[in-house]
Amino acid sequence: MSSDSRKIRLILELRRHGVTDTKICAVIERLPRELFVPEAFLDQAYENTALPIGCHQTLSAPVIVGRMSQALELNERIKVLEVGTGSGYHAAVLSKLCRRVYTIERHRELLEEAEQRFNQLGLSNITWKVGDGTLGWPEQAPFERIVVTAAAMDVPPVLAQQLAPGGLMVVPVDDGVGDPRLLRVRRDAEGLETEDLGPIRFVPLIADPNRR
Ligand code: SAM
């Protein structure tokens, strides 16, 4: 199957899963996902599947990236914080949909590779750092949007504090009791309002610097 046919199949898959935003579909269609996947998995670059990226981490499936990006209700004036840079693919998608992306990754090895990809693609509106994303990025807060790409035990309180009034945070939550859920948290005048966007699976969000 040609690369174009694989991309068309992927876009149909995105639509089938409710990713109907034409701008998001166009970005996913155009962004070369093959740059973000290890060589051994190149033939799966346009499959709707999560792929290993080293450090026991994964690059999320395109439908997940599409659903989370759509839930963020982005536009070109918005500043986004992403927790969990991983391969850099989701940050690259976001960079085409908003004004600026700040992204944090706890594994330096992954971040160095992501940085090379951002440079190769000329994505000049992404700022990155190594660190514990559960602490957010106080110097750059507040953020109009926050996306967490690893499963938290609960909505991370520091990130909630760094959400601007009217802002949205999309975060997978797995408390180990119920099924893992994708939540959208909105900061309004009364405080935080949480919406359940359905089941989801993610690698865990890890705050402990000594854990691999
Ligand atoms: N967004 C990524 C991409 O497009 O490739 C995929 C993210 S992967 C599912 C989750 C990432 O979150 C991993 O790279 C992991 O190391 C990172 N992570 C987990 N806990 C973190 C923390 N406390 N701070 C920053 N990154 C964290």
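As the structure lists them, so they are numbered: ligands from 1, and atoms in each ligand from 1.
Per-residue contacts place Pro204 under 4.0 angstrom from the following atoms of ligand 1 (heavy atoms of the residue considered): 19 (C). Using a 4.0 Å cut-off to heavy atoms of Gly131, the atoms of ligand 1 that qualify are 24 (N), 25 (C). Close approach of ligand 1 to Gly86 (heavy-atom distance below 4.0 Å) involves ligand atoms 2 (C), 5 (O), 14 (O). Close approach of ligand 1 to His107 (heavy-atom distance below 4.0 Å) involves ligand atoms 16 (O). In the vicinity of Glu82, heavy-atom distances shorter than 4.0 Å reach the ligand 1 atoms 1 (N). Close approach of ligand 1 to Val203 is summarised as follows: ligand atoms under 4.0 Å from at least one heavy atom of the residue are 9 (C), 10 (C). Atoms of ligand 1 found under 4.0 Å from any heavy atom of Ile104 (numbered from 1 in listed order, with element): 25 (C), 26 (N). Each of the following atoms of ligand 1 lies closer than 4.0 Å to a heavy atom of Tyr89: 4 (O).
In this structure, atom 6 (C) of ligand 1 lies nearest to the protein heavy atom Thr58 O, 3.4 Å. Looking only at heavy atoms of the protein, atom 24 (N) of ligand 1 is closest to Gly133 N, 2.7 Å. Here the heavy atom of the protein found nearest to atom 15 (C) of ligand 1 is Gln57 OE1, 3.3 Å. The nearest heavy-atom contact from the protein to atom 26 (N) of ligand 1 is Arg106 N, 3.3 Å. What sits closest to atom 4 (O) of ligand 1 on the protein, heavy atoms only, is His90 N, 2.9 Å. With hydrogens left out, the protein atom closest to atom 14 (O) of ligand 1 is Glu105 OE1, 2.7 Å, a heavy atom.
At a heavy-atom distance under 4.0 Å, no atom of Ala50 approaches ligand 1.
You'll find the side chain of Leu121 reaches within 4.5 Å of the side chain of Pro32, heavy atoms only. For the pair Gln44/Val37, no side-chain contact is recorded, criterion being any heavy-atom separation below 4.5 Å from C-beta on. Under the 4.5 Å side-chain criterion, counting only non-hydrogen atoms from C-beta, Arg106 is not in contact with Cys55. By the 4.5 Å heavy-atom criterion applied to side chains, Leu192 and Arg187 are counted as neighbours. Looking at heavy atoms from C-beta onward, Arg181 lies in side-chain contact with Pro199 at the 4.5 angstrom threshold.
Looking only at atom types and distance, the side chain of Ser2 has no donor-acceptor partner in the side chain of Asp4 under 3.5 Å away.
The shell of residues lying under 4.0 angstrom from ligand 1, judged by heavy atoms, includes Thr85.
A cation-pi arrangement is present between Arg33 and Tyr89 under the rule of less than 6.0 angstrom and at most 45 degrees off the ring axis.
Salt bridge Glu195/Arg184: present, at least one basic N to carboxylate O contact under 4.0 Å.
Taking the six-membered ring where the residue is Trp, Tyr102 and Trp137 present perpendicular rings, their angle passing 60° and hence far from 30°.
Evaluated by nearest non-hydrogen atom to atom 5 (O) of ligand 1, the leading choice among Ala92, Ser87, Ser60, Gly84 is Ser87. Comparing heavy-atom distances from atom 7 (C) of ligand 1 across Ile206, Thr149, Leu110 singles out Thr149 as nearest.
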Start with the C-alpha distance between Ser87 and Arg117, add both sets of side-chain angles, then the distance that settles side chain to side chain donor-acceptor pair (under 3.5 Å), and finish with yes or no.
CA-CA 9 Å; Ser87 69; Arg117 296 175 182 125; 4.9 Å; no
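Placement of Val80 and Val65 within a single hydrophobic cluster is found when ILVMFWY residues are connected by side-chain heavy-atom separations under 4.5 Å, directly or transitively.
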